[in-house]
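Fair warning: this is a prediction, and the values are worked out from it, not measured in the lab. Here is the naming used below: chain letters follow the sequence lines, and residue numbers restart at 1 for every chain.
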Amino acid sequence: MPLDRIPKGKVIACDTETTGVYPWTGARPFYFSFCNPEGETGRFRWKVDPFTRKPIPIEADIRQMKDFFEDERITKVFHVSKFDIRMLQFTGIEVRGRVEDTYFAAHTLRTNEMTHALKPLAKKYVGFSDADEKTLDKEVSRLRRKAKAKGWNIGQKGRDGKNPIKTDMWLASDEFLDPYGCGDVERTILLWKVFEDALNNDPACRKFYERELRLQKVTMEMEARGVRVKHEIIVKEIKNQNAEIERCKKILQKEIGQDFNSNSPLQVSAYIYKTLGMPVRHWTDSGQPSVDAKALQEIDHPTVKVLRQHNSAEKAISNFFQKYLDTAVLDEEGCWILHPDFNQVGPATGRYSCRNPNLQNAANALSTRSDIPIQARTPFCPRPGYVWLSADYSGEEIWIFADGSNGDAMLRALYDGRDLHSDAARFIWGDEQVDREKREGRKTSRAKAKMFFFGILYGMQEKSMAAFLDCPRSEARATLRRYYTLYPNVETFMDFIQETVRRQGFIQTAWGRKIFVDPDFAYKATNYYVQGTGADVIKDAMIRVNAWFKKEKLDAHIVMTIHDELVVEIRKDLLTRAVAEKIRALMEDHGGNLKIKKLPVELALVTKRWDQKEEHLDTSKLG
DNA sequence: CAACTCTGCGCC
DNA sequence: AAAGGGCGCAGAGTTG
């Protein structure tokens, strides 16, 4: 049985159970558990009002927890500390002193772990059974049905898309909840013992673990600040897209059938390949005839065009605008704000990922390759009195590639400010073709050369390359050879990286951070190097930029991080030339981890709406 | 009903 | 032998 207090110790694992995952709309903790290295557990449990879902705090517990969490001498260990620290903040409890995080540790030590969730990790590394979760899940499912009948306010699906069972643990009795709640802190402390040793034995690894801990403060500020969206624009966009859906639906029902569902790949496939009798040219991974955009684009048929317009409109609503509407919250100033959930160590490469909503994939009609573009950035805008400075590393991948591979020709071209993809297009397909396209206002060859580079980087094989270039394999091979002649480092670097993976099972970014790669998938490793190094670049930059804002007490805030881009919200009158250039310089400085002098950063300005970004900001025009 | 896979698609 | 990398999201369809 857990104690009704916090066990003694210098290092304590902590966890909270909550009424939801989204504190911005009222989710709060109602269960707080603790475990010391000796395995003694303790917990506080508060009642939850079944109609408001609000936990009823006990003042004495809060006082005890404040004494504990504010005590700088005690190390607190969490699994995904960001979540618990924020939940505690919303309860009026500040977490001070050293924080350790088994989630960060797991990811830093083994980037290729199947999952970094607490229960599977504990099962794998310390043999801790995960049976308690299933037992509790079953009980909560049962109680949810009873609660529903009583008219209680039980968790709805939505917002996070997660199982609402996880948000209704407050329904369970101690008998069911304690083994689970205290199980998690027991797992955490056991895992920490293992991971702490591992980190101590690997100082290089610890360096990156420490960086994640420092970066988390930046992440939490970024999320708390959030991103403003205009509610009325979202509503208007949904209305417009709905009208488009209705228009398309009428045509599709008339042409194909009353109950035709264009969201069903199965039904679309039947229509395209059976009813219309089109030849199958594209296949899905599992060998089914594909009806993706690429396949449909090749079919010149009026109804198919309507089908694609319909799907685009549906996606605009479901994937973007509806999600924004569902997750936006009203702040004190009357602005609608999105508070996304950034994951610092989601991707295996060390990049950030983002969800609820994902701000890293907001459709941008200006840069999309689709011929039916979605414009999802229209509702995004700076807060009143602020502007956005959008700073992105221009051509980051190719700079990192050239740097890592010591590509003389590539570096020379980059330093000369040449357009590498244009050069490559000329080299591969000839001046005549490129010049002709230029006169006709097209950039087909250049775009193809760019895709060619990324294809190589992503490990594209000859077969796909031939399909991409629409030529026989022999010709694709010849084209690749010519590309290698222009940039010899591409071939040697790819070979070197893949050989490294086969030999040692991991690669190292320019920062020296290890990324583990399955030797059977060595072709992925070159991209891992570039993507992973890019992650190192922006993570260091975020820490520097944020620290400088703090030091200068500047009313400026990072609001988004999009792989090679930072969006900074800054009070309008503070965005001077000096400030803009300082941000640029802080980002361009790679701390000597690259051989090149700097990674060039381009600045852009957003004053009204994200989709009306003014590119190539000339900072000399600022005050 | 919840959890899973498959398909497709937006971004870098 | 075969493979274009990394994500999050939603809907359809299946499974238990």
How is [X] classified with respect to the nucleic acid when contacts are heavy atoms under 4.0 Å: base, sugar-phosphate, or nothing?
X: Glu314(A); value: nothing
X: Phe320(A); value: sugar-phosphate
X: Met465(A); value: nothing
X: Ser141(A); value: nothing
X: Arg308(A); value: nothing
X: Ala376(A); value: nothing
X: Val291(A); value: sugar-phosphate

Short side-chain N/O contact from [X] to OP1 or OP2 of [N], under 4.0 Å:
X: Asn356(A); N: dC9(C); value: yes
X: Thr349(A); N: dG6(C); value: no
X: Arg144(A); N: dA2(B); value: yes
X: Tyr523(A); N: dA2(C); value: no
X: Lys524(A); N: dG4(C); value: no
X: Lys315(A); N: dC9(C); value: no
X: Ser353(A); N: dG6(C); value: no
X: Tyr528(A); N: dG6(C); value: yes

Heavy-atom contacts under 4.0 Å between residues 260-271 of chain A and DNA chain C, which residues?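 By residue number: Asn261(A), Asn263(A), Ser264(A).
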
Check: Tyr529(A) ring centre within less than 6.0 Å of Phe493(A) ring centre: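 Yes; Phe493(A) has its ring centre under 6.0 Å from that of Tyr529(A).
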
| field | Selected nucleotide, minimal atom distance to Asn358(A) side chain, candidates dG8(B), dC9(C), dC1(B) | value |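 Nearest to the side chain of Asn358(A) among the choices is dC9(C).
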
Taking N and O atoms by type only, does the side chain of Arg355(A) place a donor or acceptor under 3.5 Å from a partner on the base of dC9(C)?
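There is none.
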
